[in-house]
Amino acid sequence: MRLSFYSFGTTYGGYGITGIQIAKHLTRLGVDVRFHPEFAPMVGSNEWKLLDDEEKKLFEKPFEVCRLGLNQTTPWEFHKNQSEVKLAITMAESDRLGSEWVKACNGMNRIIVPNKFFKQVFQDSGVSVPINIIPYGVDTERYGFVIRKTKEVYTFGSCGYLNDRKGALELIQAFTSEFGPDEPVRLRLHSTSGYFGYYKHLSDPRIEVTTDLWHPDELVKFYHDLDCFVFPSRAEGVGMPPREAMSTGLPVILMNYSGLADVASPDFSYPLEPDGFEDRLGMAEQPGKWAKINIPQLMYWMRHVYENKGAAKTKGVIASQVMRQKYSWPICAQRLKEYLEIVKEQL
């Protein structure tokens, strides 16, 4: 099978990281992937050095327009797909799509979404082409399970493109409200957004904020150094950081809404129920609602995990098993390949 693959090629941000993983694992399965990356890392740059040899080869292979073309982008990029059969893996960050997004989706032959939440959102918004669900994977090779030793200071943490949608401020409020200055706890926050740097001016010495561009090994170490991962995001297409954290065996507190709902199970995580919903302002392409963060419940779960460390570790073990059994990239890429083969024969 030959495939023209349109995606972001950056080593940071959800679409870029997952795009590289999709291309890599489809290639391992024998698909001749011709990668057309947006914002590809410049050879020799610091971002280029973050790629392993297998990933670098994806960018070095010449692009060709094949009969089958797959976008893994926002709908604003769909027009770049020049293949005869046009497919797209996409998602949103609210519960309704704008008319231009719907129009772009209906211009494709098939749409793939990562979970049942967005299949319903796309259908309710007016997307009429067939929609199939194929979950995103987790890099379980990199984010391996680790047994954490009990430490004197219990560490909560969060990472990603931390902004208002991700609930970083609410997490800080919950942490500082729930834990007194003499309790042996701390909060570590790492953001790929330089704008998040203004949080570095917080006066609470228990809160550490970093915004450097990390090598993947540094992110792995970040997860390994934590005792609990917290991700109270208002809405996610997928939400990779909590899945990566689960893969390493961390107990995770996360919002039970949108793309996070698939892994916000009380069997292996600590789900936050939305405190109602609010309009997502300033986003004409996604004019729907997202969740309001329930700060008292967030405070409750952080205290609960801290005081029930053994039970929390057990949930982390189960979460790691779930990631390997249901959400590893080999499993998800195999499902995607099988679907592509079906579409290739049908269209």
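The figures that follow rest on heavy atoms only: side chains count, while hydrogens, waters and symmetry mates do not.
Nearest heavy atoms, Phe277 versus Ala291: CD2-CA, 3.8 Å. Considering all non-hydrogen atoms of both residues, Ala174 and Met302 come closest at CB-SD, 4.1 Å. Considering every non-hydrogen atom in both Leu58 and Ile20, the closest pair reads CD1-O, 3.7 Å. Residues Lys86 and Asn81 share a closest heavy-atom pair of CE-O, 3.0 Å. When all heavy atoms of Ala312 and Val305 are compared, the pair lying nearest together is CB-CG1, 3.8 Å. When every heavy atom of Ile111 is checked against every heavy atom of Val113, the shortest pair comes out as CG2-CG1, 4.1 Å.
Side-chain N/O atoms of Ser320 and Arg324 include a donor and acceptor closer than 3.5 Å. Side-chain N/O atoms of Gln72 and Thr18 include a donor and acceptor closer than 3.5 Å.
For Glu84, the salt bridge (Lys or Arg N to Asp or Glu O under 4.0 Å) partners two or more places apart in sequence, or in a different chain, are Arg67. Residues satisfying the ring-ring contact (aromatic ring centres under 6.0 Å, His included) test with Phe156, not counting sequence neighbours, are Tyr154, Phe179. A search for side chain to side chain contact (heavy atoms under 4.5 Å, CB included) contacts involving Pro287 returns Arg96, not counting sequence neighbours. Scanning for ring-ring contact (aromatic ring centres under 6.0 Å, His included) contacts around Tyr161 gives an empty result, with sequence neighbours left out.
Ring-plane geometry between Tyr15 and Phe8 is classed as tilted, the angle between the planes lying from 30 to 60 degrees on a 0 to 90 degree scale. Aromatic ring orientation, Trp101 versus Trp76: perpendicular (interplanar angle above 60°, classes split at 30° and 60°).
Here the side chain of Ser233 pairs no donor or acceptor atom with the backbone of Leu254 at under 3.5 angstrom. For His190 (side chain) and Leu162 (main-chain N/O), no donor-acceptor pair under 3.5 Å exists by modelled atom type. The main-chain N or O of Thr140 is never found under 3.5 Å from a side-chain atom of Ser247 such that the two would form a donor-acceptor pair. Within the 3.5 Å criterion, the main-chain N or O of Glu93 finds a donor-acceptor partner in the side chain of Gln286.
With respect to the salt-bridge test (charged N to carboxylate O, under 4.0 angstrom), the residues Glu244 and Arg142 do not qualify. Using a 4.0 Å cut-off between charged nitrogen and carboxylate oxygen, Asp275 and Lys292 do not count as a salt-bridge pair. Between Glu183 and Arg206 there is no salt bridge, since no side-chain N of the basic residue sits under 4.0 Å from a carboxylate O of the acidic one.
A cation-pi arrangement is present between Lys315 and Tyr270, with the terminal nitrogen or guanidinium carbon under 6.0 Å from the aromatic centre and inside a 45° cone about the axis. Because its NZ or CZ atom is not both nearer than 6.0 Å to the ring centre of Phe59 and within 45° of the ring axis, Lys61 does not count as a cation-pi partner of that residue.
With hydrophobic clusters built from ILVMFWY side chains whose heavy atoms lie under 4.5 angstrom apart, Phe78 shares a cluster with Val102. Taken together through direct or relayed side-chain contacts under 4.5 Å among Ile, Leu, Val, Met, Phe, Trp and Tyr, Leu260 and Ile17 form parts of separate hydrophobic clusters.
Within a 6.0 Å sphere centred on CG of Asp267, heavy atoms belonging to other residues, nucleotides or ligands number more than 12. Atom NZ of Lys56 has more than 12 neighbouring heavy atoms from other residues, nucleotides or ligands inside a 6.0 Å radius.
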Please report, to 0.1 Å, the donor-acceptor pairs under 3.5 Å made by any side chain of residues 224-231, with sequence neighbours excluded.
{"unit_1": "Asp225", "atom_1": "OD2", "unit_2": "Lys221", "atom_2": "NZ", "d": "2.7"}
{"unit_1": "Asp227", "atom_1": "OD1", "unit_2": "Lys151", "atom_2": "NZ", "d": "3.0"}
{"unit_1": "Asp227", "atom_1": "OD2", "unit_2": "Thr155", "atom_2": "N", "d": "2.8"}

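In this structure, Val65 shares a hydrophobic cluster with Tyr6, Phe63, the cluster being traced through Ile, Leu, Val, Met, Phe, Trp and Tyr side chains under 4.5 angstrom apart.
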